[in-house]
Amino acid sequence: ICVAVRSRQLLVIDEIGPMEIRSRIFCDVVNEAFDSPDTSGILGTITARSLPFTNAIKKRYDVTLIEVRPKNREKLVSELSGQFMT
């Protein structure tokens, strides 16, 4: 994650879930990535469960949540890919 932030690349995090957030190091690095002005963009998956760490990310002003469901999954690939191509 830190290398992607320093090189201003798109950062992909799969996933921010209950198991991953048990690691304080993981949480610190995720927060660092979101707070860094050098991050060009973050695309990630996050648990739908209500947990303090993930709720804080979901409430950020710079985060857009898109629910992935079987009916929209294929359509989202083409819709979102254009947003991350430069």
(Q) Can a donor-acceptor pair be found, under 3.5 Å and without considering hydrogens, that links the side chain of Arg60 to the backbone of Phe34? (A)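 Confirmed, Arg60 side chain pairs with Phe34 backbone.
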**Q.** Main-chain N/O of Ala33 paired to Ser36 side chain as donor or acceptor, under 3.5 Å
**A.**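 No, Ser36 side chain to Ala33 backbone: no donor-acceptor pair under 3.5 Å.
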What I'd like to find out is whether the side chain of [X] reaches to under 4.5 Å of the side chain of [Y], using heavy atoms alone.
X: Arg24; Y: Asp28; result: yes
X: Arg49; Y: Thr54; result: no
X: Glu15; Y: Ile46; result: no
X: Val30; Y: Ile13; result: yes

Inter-residue atom distance [X].[atom1] - [Y].[atom2], 0.5 Å rounding:
X: Asn55; Y: Lys59; atom1: CG; atom2: NZ; value: 5.5 Å
X: Arg22; Y: Cys27; atom1: CZ; atom2: SG; value: 11.5 Å
X: Leu80; Y: Lys75; atom1: CG; atom2: NZ; value: 11.0 Å
X: Ile16; Y: Phe53; atom1: CD1; atom2: CZ; value: 6.0 Å

**Q.** Working for side chain to side chain contact (heavy atoms under 4.5 Å, CB included), residues Thr47 and Leu51
**A.** CA-CA 9 Å; Thr47 183; Leu51 300 165; 4.1 Å; yes
Q.
With clusters defined by side-chain heavy atoms of hydrophobic residues (ILVMFWY) lying less than 4.5 Å apart, directly or transitively, does Val12 cluster with Met19?
A.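 Unlinked, Met19 and Val12 end up in two clusters.
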(Q) If the threshold is 4.0 Å, N to carboxylate O, is there a salt bridge linking Glu67 and Arg69? (A)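 A salt bridge links Glu67 with Arg69.
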(Q) Looking at Ile66, I'd like to know if its CD1 atom is crowded, meaning that more than 12 non-hydrogen atoms belonging to other residues, nucleotides or ligands lie closer than 6.0 Å. (A)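 Yes - once you tally the heavy atoms of other residues, nucleotides and ligands closer than 6.0 Å, there are more than 12.
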